[in-house]
Amino acid sequence: MRPVIVAGNWKMHTTPADAGELARTIGARTRVDGVTRVLCPPFVCLAAVRDALADPGVAAPDGSGVAVGAQNVHRERQGAYTGEVAASMLEGLATWVIVGHSERRQQFGETDEVVAAKLTRVIEAGLRPILCVGEQLEAREAGADVAATIVVDQVVNALRPNAGDALWSSGLVIAYEPVWAIGTGRNASGADAAAMADTIRRALRTVAGSVAGLGNGEDLTVLYGGSVSSSNIDEFMAEQAIDGALVGGASLKPDEMAAIVARAGLTARARAAATTA
Ligand code: PGA
């Protein structure tokens, strides 16, 4: 059974002085069984968030805590890259990393090739990647097929150079995040997101088909991201193909995170019950 995951991407918000308290508050208010919780603060806040999440008060009844993720890494292992952070430097600070977020692709010129190289570094460092893919508005308006072609290309271009046992055992998660839905308040429909999740799993089978040991697409965890909030999370969790959410703006608000994780927890427990029935 695939895990249910709610990951919060804090983007360029919070400071080392306030991030720990926010993380602790969110952790304490999202203590439900069955949901893997991840918070991704800015690099400079990773240590404060890690320390705050060591507080036993954030553990769910099933004992699970809140994991820490980074929002990015550099494509090289080390070197003269002023201001950049290598995947290996995250040791002891984070266990997850977001790769290929659309803000990185659009504002920092990250091509599919760069994203693939970053994924390589993340896997090498033993970190768990959340690979983000998604189409722009024009593509969506041109039709679901056009959007699917773009997303499949992003998936295949990131995974094919990394195809192999190390990728599959990295615990890879893919987040479908339509660019037009990010930070706009305009979310995709649950049905459209689920259709894209199915498309992504088929794309993984294409890659896996050529490389033994990569695994079966049905086992791939796919999240939806883009204006997720407490008022629309149910629409996504109602879809069997969607395993949770990558939450941006709402992940900075404890009330919102409490409600989102609570709703995700209902789905997680219903799915677990259906599996054991
Ligand atoms: P949003 O951001 O929830 O604010 O739309 C999502 C994301 O960028 O991952």
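All values below come from the heavy atoms of this structure, side chains included, with hydrogens, waters and symmetry mates left out. Atoms within a ligand are numbered from 1 in the order they appear, just like the ligands themselves.
- Distance alone, capped at 3.5 Å, is enough to place a donor-acceptor pair between the Trp10 side chain and the Ser251 backbone.
- Remark: of the listed residues Arg75, Arg104, Glu103, His101, Arg104 is the sole one forming a side chain to side chain contact (heavy atoms under 4.5 Å, CB included) with Glu110.
- Side-chain contact annotation: Trp180 with Glu135, donor-acceptor N/O pair under 3.5 Å present.
- Proximity of Ala250 to ligand 1, defined as any heavy-atom pair under 4.0 Å, is not found for any part of the residue.
- Hydrophobic clustering (side-chain heavy atoms under 4.5 Å, transitive across Ile, Leu, Val, Met, Phe, Trp, Tyr) groups Leu127 together with Val68.
- The shortest heavy-atom distance from Ala181 to ligand 1 is under 4.0 Å.
- Remark: the backbone N or O of Ala60 is not paired with any side-chain donor or acceptor of Ser64 at under 3.5 angstrom.
- Ligand 1 places these atoms under 4.0 Å from at least one heavy atom of His101: 7 (C), 8 (O), 9 (O).
- In this comparison of Gly183, Ser229, Gly248, Pro178, the heavy atom closest to atom 5 (O) of ligand 1 sits on Gly183.
- Closest heavy-atom contact between Val151 and Gly134: CG2-CA, 3.9 Å.
- Considering Asn162, Leu159, Ile123, Asp219 in turn, Asp219 is the only one that fulfils the side chain to side chain contact (heavy atoms under 4.5 Å, CB included) rule with Trp168.
- Considering backbone and side-chain N/O of Thr184, none are found under 3.5 Å from N/O of ligand 1.
- For ligand 1, none of its N or O atoms has an N or O atom of Gly225 under 3.5 Å away.
- Those atoms of ligand 1 with a heavy atom of Leu246 less than 4.0 angstrom away are 9 (O).
- Between the Ser227 side chain and the Ala181 main chain, a donor and an acceptor come within less than 3.5 Å of each other.
- Nearest protein heavy-atom neighbour of atom 9 (O) of ligand 1: Glu177 OE2, 2.6 Å.
- In this structure, the protein non-hydrogen atom closest to atom 4 (O) of ligand 1 is Gly249 N, 2.8 Å.
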- Criterion salt bridge (Lys or Arg N to Asp or Glu O under 4.0 Å) on Arg160 and Asp112, from CA distance to verdict: CA-CA 11 Å; Arg160 207 186 283 287; Asp112 283 357; over 6 Å; no
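- Of the N or O atoms in Glu103, none lie within a sub-3.5 Å distance of an N or O in ligand 1.
- Close contacts between ligand 1 and Gly226 involve ligand atoms 5 (O) [criterion: under 4.0 Å to a heavy atom].
- Here the heavy atom of the protein found nearest to atom 2 (O) of ligand 1 is Lys11 NZ, 3.2 Å.
- In summary, the atoms of ligand 1 found under 4.0 Å from a heavy atom of Ser227, numbered by their order in the structure, are 1 (P), 3 (O), 5 (O).
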